[in-house]
Colleague: 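First the structure, then my questions, so here it is.
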Amino acid sequence: MKVRTSRFGEIEVREEMLLTFPSGLIGFPRATRYVILDHDREAPFKWLQSVDEGGLAFVIMVPTLFRPDYRAVLAPEDIAELGPVETENLSLFVILTIPPGDPRRITANLQGPVVVNQRSRLAKQVILRDEYPTRYPLFPDEAVRDAAAEPLACGTRRP
């Protein structure tokens with residue numbers, strides 16, 4: 001099938017590459033079909049491109065590449081939506097936010113990862129009950145340095 005996207009122009013998507021999110025993504029319940037595209041074969045970033053809405057795409061990444069201790073414990077209702085689950089068939093991604101003009105301040109949503117069942121091609125964005133943040137800095141040294149330089153709300157600077 002051919003899909004017109006705002007970022008990649010018209011792309012060819014093979015049926016077997018489609019991922020179905022029965023519940024959509026959080027905030028986008030009607031866009032239920034996606035495909036994962038490589039950003040660059042050398043880069044760890046990928047695109048989660050909607051097939052239903054060509055202008056909708058998210059930058060995603062495997063979280064253990066920057067946070068090796070990251071674990072997602074899925075609730076039974078989340079597992080049920082993924083079809084027959086075997087751990088070796090599951091892939092886990094997090095959605096990244098890249099602020100305009102400063103890619104050093106990229107954050108990852110560790111609280112709402114995307115789980116993909118590679119066998120059934122079903123996927124779901126889950127909300128983890130763990131204490132993970134929604135804006136985890138990929139480059140924490142940059143975030144700490146930037147935070148130290150930013151003024152506080154009351155107008156004073158951090159020491």
Side-chain angles (χ1 to χ4, degrees), residues 3-9 11-14 16-75 78-79 81-83 85-147 150:
V3 177
R4 176 151 300 287
T5 71
S6 60
R7 286 173 183 77
F8 308 105
I11 59 172
E12 181 75 31
V13 177
R14 295 189 325 261
E16 65 269 13
M17 298 307 295
L18 282 179
L19 297 175
T20 301
F21 287 73
S23 302
L25 289 171
I26 295 169
F28 304 94
R30 284 184 234 127
T32 59
R33 298 179 309 153
Y34 290 81
V35 64
I36 294 178
L37 303 172
D38 285 329
H39 176 76
D40 175 332
R41 291 189 187 260
E42 303 300 316
F45 307 110
K46 297 188 179 300
W47 287 92
L48 183 62
Q49 172 66 56
S50 172
V51 173
D52 299 319
E53 296 181 33
L56 183 61
F58 301 91
V59 180
I60 61 172
M61 183 178 187
V62 173
T64 54
L65 292 174
F66 61 89
R67 177 91 190 255
D69 63 335
Y70 184 76
R71 299 288 177 264
V73 178
L74 303 180
D78 295 332
I79 293 171
E81 200 167 321
L82 293 169
V85 173
E86 296 172 15
T87 306
E88 63 271 7
N89 293 331
L90 295 181
S91 297
L92 188 65
F93 300 95
V94 291
I95 296 175
L96 304 180
T97 299
I98 304 171
D102 193 357
R104 297 172 304 161
R105 298 182 73 177
I106 295 172
T107 60
N109 180 351
L110 298 183
Q111 192 175 72
V114 171
V115 183
V116 176
N117 183 335
Q118 296 294 345
R119 178 172 285 172
S120 68
R121 306 302 294 167
L122 292 171
K124 179 168 180 61
Q125 184 178 19
V126 299
I127 300 298
L128 300 180
R129 284 136 180 88
D130 297 328
E131 297 285 326
Y132 286 120
T134 57
R135 293 181 184 254
Y136 181 85
L138 244 59
F139 307 111
D141 292 339
E142 295 293 332
V144 169
R145 185 171 34 249
D146 290 346
E150 289 179 9

Colleague: Closer than 3.5 angstrom, by distance alone: can the side chain of Ser50 be matched with the main-chain N or O of Gly54 as a donor-acceptor pair?
Modeller: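 Absent.
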
Colleague: So which pairs with a foot in residues 54-64 pass salt bridge (Lys or Arg N to Asp or Glu O under 4.0 Å), sequence neighbours left out?
Modeller: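 Listed once each, the pairs would be none.
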
Colleague: Are the side chains of Leu82 and Leu74 in contact, using a 4.5 Å heavy-atom criterion?
Modeller: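 Leu74 vs Leu82: side chains touch.
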
Colleague: Holding to side-chain hydrogen bond (donor to acceptor under 3.5 Å, both in side chains), I want the full list of residues that pass it with Gln118, two or more places apart in sequence or in another chain.
Modeller: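 Only Ser91, Arg121 meet the side-chain hydrogen bond (donor to acceptor under 3.5 Å, both in side chains) criterion with Gln118.
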
Colleague: Taking all non-hydrogen atoms of both residues, which atom of Arg30 and which atom of Asp52 are closest, and how far apart?
Modeller: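 Minimum heavy-atom contact is O-OD2, 4.0 Å.
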
Colleague: What residues form a side-chain hydrogen bond (donor to acceptor under 3.5 Å, both in side chains) with Ser120, not counting sequence neighbours?
Modeller: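 Per chain and number, Ser120 pairs via side-chain hydrogen bond (donor to acceptor under 3.5 Å, both in side chains) with Asn117.
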
Colleague: Is there a side-chain contact between Ile98 and Ile106, using heavy atoms and a 4.5 Å cut-off?
Modeller: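 The answer is yes, as the side chains (C-beta and beyond) meet within the 4.5 Å cut-off.
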
Colleague: Could you measure the distance from the OG1 atom of Thr134 to the CG atom of Leu128? Nearest 0.5 Å is fine.
Modeller: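 The CG atom of Leu128 is 12.0 Å from OG1 of Thr134, to the nearest 0.5 Å.
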
Colleague: Enumerate the residue pairs fulfilling salt bridge (Lys or Arg N to Asp or Glu O under 4.0 Å) with a member in residues 106-115, sequence neighbours excluded, ordered by first and then second residue.
Modeller: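 Those involving residues 106-115 do not exist here.
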
Colleague: For Phe45, which residues count as a ring-ring contact (aromatic ring centres under 6.0 Å, His included) partner, sequence neighbours excluded?
Modeller: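 For Phe45 there are no ring-ring contact (aromatic ring centres under 6.0 Å, His included) partners, ignoring immediate neighbours.
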
Colleague: With ring-ring contact (aromatic ring centres under 6.0 Å, His included) as the rule and sequence neighbours excluded, what pairs involving residues 95-127 come up?
Modeller: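 Passing the test, one end in residues 95-127: no pairs.
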
Colleague: Could you walk me through whether Val94 and Asn109 pass the side-chain contact (heavy atoms from CB on, under 4.5 Å) test, one step at a time?
Modeller: CA-CA 6 Å; Val94 291; Asn109 180 351; 5.6 Å; no

Colleague: Write down the atom of Leu92, the atom of Ala72, and the distance for their closest heavy-atom approach.
Modeller: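 In this case the closest contact between Leu92 and Ala72 is CD2-CB, 3.9 Å.
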
Colleague: Going by the rule side-chain hydrogen bond (donor to acceptor under 3.5 Å, both in side chains), which residues pair with Ser23 if we only count those two or more places apart in sequence or in a different chain?
Modeller: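 Here the qualifying residues are Glu81.
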
Colleague: How many angstroms lie between CZ in Arg33 and OG1 in Thr20, if you round to the nearest 0.5 Å?
Modeller: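 Output value for this atom pair is 7.5 Å.
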
Colleague: Can you give me the closest heavy-atom contact between Val35 and Met17, atom names plus distance?
Modeller: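 Taking Val35 first and Met17 second, the nearest heavy atoms are CG2-O, 3.9 Å.
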
Colleague: With rounding to the nearest 0.5 angstrom, report the CG to CD distance, Leu37 to Gln49.
Modeller: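 Leu37 CG to Gln49 CD: 6.0 Å, rounded to 0.5 Å.
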
Colleague: Do Val116 and Val114 have side chains that get closer than 4.5 Å, going by heavy atoms?
Modeller: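 Yes; the side chains approach each other to less than 4.5 Å.
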
Colleague: Just so I know, are the side chains of Val13 and Leu18 near enough to count as touching, which here means a heavy-atom distance under 4.5 Å?
Modeller: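 Answer yes - side chains close enough.
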
Colleague: Apply ring-ring contact (aromatic ring centres under 6.0 Å, His included) to Phe21 and list each qualifying residue two or more places apart in sequence or on a separate chain.
Modeller: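 Testing Phe21 for ring-ring contact (aromatic ring centres under 6.0 Å, His included), a comparison that skips the adjacent residues, returns Tyr34.
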
Colleague: Under a 3.5 Å distance rule, please check whether Gln125 uses its side chain to pair with a backbone N or O of Leu25 as donor and acceptor.
Modeller: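 Such a contact is absent between Gln125 side chain and Leu25 backbone.
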
Colleague: Verify, without hydrogens or angle tests, whether Arg129 (side chain) and Ile127 (backbone) share a donor-acceptor contact under 3.5 angstrom.
Modeller: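 At least one qualifying donor-acceptor pair exists.
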
Colleague: Among residues at least two apart in sequence or on other chains, which ones pass side-chain contact (heavy atoms from CB on, under 4.5 Å) with Glu86?
Modeller: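 With neighbours one apart ignored, the set is Glu88, Asn89, Arg119.
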
Colleague: Can you list everything that forms a salt bridge (Lys or Arg N to Asp or Glu O under 4.0 Å) with Glu16? Sequence neighbours excluded, please.
Modeller: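 For Glu16 the salt bridge (Lys or Arg N to Asp or Glu O under 4.0 Å) partners, ignoring immediate neighbours, are Arg14.
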
Colleague: For Arg7, look at atom CZ and say whether over 12 heavy atoms of other residues, nucleotides or ligands are found less than 6.0 Å away.
Modeller: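 Counting neighbours around CZ of Arg7, more than 12 heavy atoms of other residues, nucleotides or ligands fall under 6.0 Å, so yes.
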
Colleague: Just wondering, do Ile95 and Thr97 contact through their side chains at under 4.5 Å, heavy atoms?
Modeller: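 In short, these two side chains do not touch, never coming nearer than 4.5 Å.
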
Colleague: Nearest 0.5 Å please: distance from the OG1 atom of Thr5 over to the CH2 atom of Trp47.
Modeller: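 Thr5 OG1 to Trp47 CH2: 9.5 Å, rounded to 0.5 Å.
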
Colleague: Do Pro113 and Val126 touch side chain to side chain, with heavy atoms closer than 4.5 Å?
Modeller: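 The answer is yes; the side chains approach within 4.5 Å.
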
Colleague: Output all residues satisfying side-chain hydrogen bond (donor to acceptor under 3.5 Å, both in side chains) with Glu12, sequence neighbours left out; order by chain, then residue number.
Modeller: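 Testing Glu12 for side-chain hydrogen bond (donor to acceptor under 3.5 Å, both in side chains), a comparison that skips the adjacent residues, returns Lys2.
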
Colleague: Step by step, work out the side-chain contact (heavy atoms from CB on, under 4.5 Å) result for Leu48 and Phe93.
Modeller: CA-CA 10 Å; Leu48 183 62; Phe93 300 95; over 6 Å; no

Colleague: Just list the side-chain donor-acceptor pairs under 3.5 Å for residues 56-70, sequence neighbours left out, or say none.
Modeller:
unit_1, atom_1, unit_2, atom_2, d
Arg67, NE, Asp69, OD1, 2.8
Tyr70, OH, Leu110, O, 2.6

